[in-house]
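All remarks here apply to the structure that follows.
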Amino acid sequence: MTRYVVVGTGVAGVAAIDTLRSRDCNAEITLVGDDPHGFYSRPGLAYYLTGEIPEKQLTIFTKEDWKPLNSKYVRGNATRLNPQKHQLEIGSAGTLTYDRLLLATGSVAVPSSIPGADMQGVVKLDDFDDARRIVSLARHARSAVVVGGGIIAVELVEGLKALGLKVHYFLRGERYWPNVLDENESRLLEHRLTEDGVIFHFQTETAEILGKNGKVAGIRTTKGETIRCEIVAMGIGVKARMELAKAAGLATERGILTNETMQTSDPDIFAAGDVSQVREALSGQSFMDTLWHPARETGRIAAFNMAGVSKTYKRKVAINVVRLAGVMTTIIGAVGSGIDDDLVSVARGSSETWQQLPNTISMQSNSDVNHLRLMIGEQSLLGAMVMGDQKLSWPLQDLISSNADITSIRHLLHPGAALGQIVMDFWSNLVK
Amino acid sequence: MGIELSLSNESKHREVMATGRVIPVQSRCVQCGICSFNCPIGIDVRRHAWMGEPIDDSHCLTCGECVWRCPRGALRFERTELFKREEA
């Protein structure tokens, strides 16, 4: 009987035990995790903050859903991994011996080094308890300051606003998310948030978080300005939780390095989800995604290989559909470039691919909230940003992920053209 | 004007009921559960999305509540087999 141990109760870990059980009905499968809430929708935390779903809705599996997986659950923090002995120590919960192990330990918010960041009232949005803490603190707070960039920072802004607080948003640069959005897109979102009462502070850096009796009382900027607030929410990026792997001597860079079968430098240890950094055999390049679907997919692929079924992870075009400032936004493939001063690492719900602006022509079609930007390569579409009206979201996902040859319409795609209609007609003909 | 509008919506709604079903797409779903929470008859749409299965529950009204509420655009209507046009 093969003994499988999966560390991490996020979607990568759960997808893995689902697959392992489907391949081997006799195996001994143990799921290890330190999150007291187990498996829930991390992206859903944003909708809990805005009040769109109650807390209990975040839990994904019922008892009935767990039953067929027939796995043992050990709640605890994996403290030491011994690849030679094939053993995993879980603090006071004891030691597990494995034949094959999956590390799906995810990522955590990068801690802030600002003086005062350890005070009560400084929050992040990593997990269930963070969201609960924010809701609880908001009951006795009037103002909040959000520091950071990417999707998570705006989700914090919107969540805190929905909880009834006056919200200040600090940005180091001159606009929001400059390495993924173009200027029009940044301004559109900033305008919408300003209309909702959010106060933007551009080119603003935090010097110190001010406190009283260990609780946040305000924030001081490097320009010397002081703002009163009871909550400071940080969204400056995430980092892979790979301490266990590092200490065990596995090869790591920004994440745990794996090949396309999700196997690490130890043949019996695999990694999946936010913590993994997959190296593509053909290009030699490696990327990290902090997205739900790639996490699920890498968990599934790892499990197949752990069970002896050879499968490789084919990295698809990175896509995320999110609502930013009330505007539905689809981000597909390569759309931006450069760095974002508001983030010290990749943001949650993001992909490094989005920051790889290829050599392309970009163009946009604007209206009040509807916005389309296409990144056009020689023969194919390489990326797209669809804001507002989402009619083109599906067709563009299809066209970009299938690397469709657009030679026949390439000459029609120029600024001022009815881009939406051209793309829609082309796609409709293709799928007919 | 108002009556015309509501009639037009009503006929559109009926057409969906007769010819369509809700399809989830796993690559967009983040299992937030907004769909299940808003389903007026309590279908666990999220579970279908996890399994990658269409909402083929005979109780589904195809009212569209889950489709419109999904913040990730992970649900859409698709014509059922009976109403799909044959390939040329």
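What you see is a predicted model; the values in this text were computed from it and never measured.
B/R46 contributes a side-chain N or O that, together with a main-chain N or O of A/Q57, makes up a donor-acceptor pair within less than 3.5 Å.
Between B/R28 and A/S393 there is a side-chain heavy-atom pair separated by less than 4.5 Å. The shortest distance between side-chain heavy atoms of B/C32 and A/S41 falls below 4.5 Å. Under the 4.5 Å side-chain criterion, counting only non-hydrogen atoms from C-beta, A/R42 is not in contact with B/V30. B/C29 has its side chain out of reach of A/H293: every pair of non-hydrogen atoms, C-beta onward, lies at least 4.5 Å apart. Side-chain contact between A/Y47 and B/R69 is absent, with no heavy atoms from C-beta onward closer than 4.5 Å.
To the nearest 0.5 angstrom, B/W50 atom CH2 is 4.0 Å from A/R296 atom CZ. Between atom SG of residue B/C70 and atom CZ of residue A/R323 there is a gap of 9.5 Å, rounded to the nearest 0.5 Å. In this structure, CG on B/D44 lies 11.0 Å from CD1 on A/I60, to the nearest 0.5 angstrom. Here the OG1-CZ distance, from A/T62 to B/R47, works out to 6.5 Å after rounding to the nearest 0.5 Å.
For a residue to count as touching a neighbouring chain, one of its non-hydrogen atoms must lie under 4.5 Å from one of that chain's; by this rule A/F61 touches chain B with the side chain only. At a 4.5 Å heavy-atom cutoff, the contact between A/Q397 and chain B is made by side-chain atoms alone. Looking at A/E52, the atoms closer than 4.5 Å to chain B (heavy atoms on both sides) sit in the backbone and in the side chain alike.
Ranking A/V11, A/L58, A/D65 against chain B, the residue ahead of the rest is A/D65, based on heavy-atom pairs under 4.5 Å.
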(request) Please assess A/W394 against B/F77 for the test ring-ring contact (aromatic ring centres under 6.0 Å, His included), listing each intermediate value before the final yes or no. (result) CA-CA 12 Å; A/W394 283 105; B/F77 285 117; over 10 Å; no
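The side-chain tip of B/R72 does not point at the ring of A/W292 from less than 6.0 angstrom away and within 45° of straight on.
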